[in-house]
Amino acid sequence: MWQGIGASDGYGVGTVIKIVEADLSFSDTQVEDIKAEQTRFQLALECFTTKTKAMAEQMRQRVGEKEAEILEGHVIMASDPALSDGILSQIADGICAERALWNTCDLFIQVFSATDDELTKQRVTDVEDIRTRLLKILLDKEDVDISNVPKGTVLVARDLTPSMTVGICKENVAGILTEVGGKTSHSAILARALEVPAVLSIPEIASQLKDGDVIALDGFTGEVFAPSPEQKAEFLKKQEAFLTEKEGLKNLVGKPSVTADGKQVELVCNIGAPKDVKAVLEQDGEGVGLFRTEFLFMGKTSVPTEEEQFAAYKEVAERLQGKPVIIRTLDVGGDKEIPYLNLPKEDNPFLGYRAIRVCLQQKEMYHAQLRALVRASAFGDVRIMVPMVASIEELRQVKAMVEEIKLELDQEGIAYNKDIPVGIMVETPAAAMMADVLAKEAAFFSIGTNDLTQYTMTVDRGNAQVAYLYSTYNPAVLRMIAHIISSAKQAGTPVGMCGEAAADPNLIPLWIAYGLDEYSVGATSVLRTRSILSKWTTEEANALAVKVAGLATTAEVEAALTEARK
Amino acid sequence: MVVETVKVVNEQGLHMRPAGVLSKAAAKYGCDVTLKVGEKEINAKSIMMIIGGCIKCGADVEIICNGEQEEDALSEIKALFASGFGE
């Protein structure tokens, strides 16, 4: 049994075919005709460029844009003046083209390997791949052809390069095993794009296996082993179930999010930056339920300007094309530090100066953020969400600031949505107990289960000695959530949830029973959450909620929910 | 010679894709384009040098253009940095 890095999901089992690279050894020769040797290299480089561009095009059609870009990057790297100048000047010293190529690439490999940056280190494989392909052209060797491997093949290679992958027939490849690479290496990206299970980074695996060996690999855990016939059958079954589920989820794209008895809910996403919108749209999220704005403030030396913030909020609002976008105002403090705000060190940061408490004292900074948000409301369904509310005065102060900003914008003739909703995160026990009162003045609620669990159980989840108490399955937390939702319902205020618990398959039936209106989850959980919602009727969910309501401990709740899980 | 300091906004720094866009843009101009990061000086026309320079998110980069069309080169490259190289 071997342990590697699981880099592409799925269970692969099949017969090993090793990808053996052509022999690229060469002998050093003293160059007589320098011009001719330089031309020989330049012709090889032209041939490389033509071939690689063609491969990139093939990759774009068969696999994807991102994968094609890797190959286009190779074209740019190979035609880099620093590389070709180095090679040509070595040839001018009488060194043959092969050796000059080898040495010059080595130089860059050394520079890249010596850095402390993971991404730069990964570029070593690109330089090696470029060198190998250029050498093949110079030595007139064939490319490895893996387009004709039989069905049920597990490919074993030192590394899976983009040029190898182009010709791959993914239906016939059951798995990929390599000696190098990691979760973000090209080989991992390619394997995921091909949807072939892959385990990377098992040293010397190629020399320990031979063609014809039967091998099993778990792309989730990174385990690789020689399976017994029973294990092989089990793996094939698991892979089939995995593919069926994946296919089933794909079929849910474009479908409404409804329970089995047809009750529709809203299924939206949590994002941390405008670039995350892409995943939301790809995974069919119905909007944004939590846009964390901290990214705008982190990694900077001063507070971002209103214009900078406006550009980011507007971009998200426009790309969501009228779907709801709930933007949470700055949630700093606790474990999130922003050096230039000079927040003092505290003994109890989670109970101290954080989130809305900071914003209401740093009015100038908060005014700029609120103004950027109100202005962005002219470009989509922007809603403002206030974090960490512990008393209704905080909400009232924010709403008063928003009203002032509206007057300013009227005077300046700047457009905005006059009805821009201002809602709150319900994540403190104080807000939960006062939910009926808050619901009358907040446009919406969003339950932040992570902080609510922490504050309800009075436990720092980073503290290993007490972390066992931190569980959203705890009956106290569940009662708190049930109370928040029913208070919101009575007031007719929409209520959502944006903590991790919103996507927990065990808890979803409880949320159905409590009457949650909106689920805000990570983009990759959208389709799975939609699938789970579709399996439960309100009646079944209610029955489970009644059962759970009578339980006394976290363990009892967890056991009951796990047993009922669909 | 024209000089201006900019900040890297790309989350993963100047990795392969932005480095490719940058080197392509710099190569269009006749002037020398140098990036100064701390003590390091990097030829912006070379994708390999940019990658090897490990320029990370938040880094201050001095763009130095010297020679033909230096103003145009500086303004294009400055804009590329600000846009996160289209990422």
Side-chain angles (χ1 to χ4, degrees), chain A residues 65-66 68-87 104-105 107-127 130 162 184-186 189 272-276 278 295-296 298-302 304 308 311-312 315 339, chain B residues 5-35 37-62 67 73 77-87:
Chain A
E65 178 62 34
K66 217 160 112 198
E69 273 181 9
I70 301 172
L71 285 164
E72 277 164 357
H74 286 184
V75 175
I76 304 176
M77 284 171 96
S79 44
D80 189 311
L83 190 72
S84 45
D85 289 356
I87 293 167
T104 312
C105 287
L107 212 72
F108 286 106
I109 290 171
Q110 278 170 24
V111 171
F112 292 1
S113 317
T115 64
D116 57 359
D117 179 60
E118 203 40 51
L119 265 179
T120 307
K121 279 189 181 148
Q122 283 175 14
R123 295 292 76 80
V124 169
T125 44
D126 293 291
V127 181
I130 292 166
T184 55
S185 62
H186 288 339
I189 294 170
K275 68 173 170 52
D276 300 340
K278 193 167 165 244
F295 90 99
L296 283 164
M298 304 276 206
K300 294 215 177 267
T301 49
S302 61
E308 244 175 278
E315 182 187 345
Chain B
T5 303
V6 292
K7 227 181 218 340
V8 177
V9 298
N10 294 61
E11 208 175 310
Q12 298 191 303
L14 295 192
H15 60 94
M16 189 137 148
R17 218 190 131 271
V21 175
L22 172 57
S23 60
K24 254 186 172 169
K28 284 191 306 194
Y29 295 97
C31 59
D32 287 333
V33 183
T34 309
L35 306 177
V37 189
E39 291 304 301
K40 274 184 292 195
E41 290 199 8
I42 295 157
N43 175 3
K45 295 184 182 183
S46 164
I47 183 176
M48 303 285 256
M49 296 298 193
I50 302 170
I51 292 173
C54 261
I55 308 170
K56 293 184 182 164
C57 183
D60 287 312
V61 178
E62 211 174 293
I77 290 165
K78 208 172 73 184
L80 282 175
F81 269 92
S83 73
F85 299 88
E87 283 202 326

Crowding at NZ, A:K278 (>12 non-hydrogen neighbours, <6.0 Å): no
For atom CD of A:E69, decide whether the heavy atoms of other residues, nucleotides or ligands shown that lie under 6.0 angstrom number more than 12. yes
Within residues 18-29 of chain B, contacts to chain A at heavy-atom distances under 4.5 Å involve B:G20, B:S23, B:K24
Which residues in residues 45-54 of chain B have a heavy atom less than 4.5 Å from any heavy atom of chain A? B:K45, B:S46, B:I47, B:M48, B:M49, B:I51, B:G52, B:C54
side-chain contact (heavy atoms from CB on, under 4.5 Å) with A:D117: which of B:Q12, B:H15, B:K56? B:K56
Quick one: salt bridge (Lys or Arg N to Asp or Glu O under 4.0 Å) partners of A:E308, sequence neighbours excluded? A:K300
Can you sort out the partners of A:D85 under salt bridge (Lys or Arg N to Asp or Glu O under 4.0 Å), two or more places apart, ordered by chain and number? none
In terms of heavy-atom pairs under 4.5 Å, which option from A:M77, A:Q122, A:K275 contacts chain B the most? A:M77
With a 4.5 angstrom heavy-atom cut-off, which part of A:L119 approaches chain B: side chain, backbone, both or neither? side chain
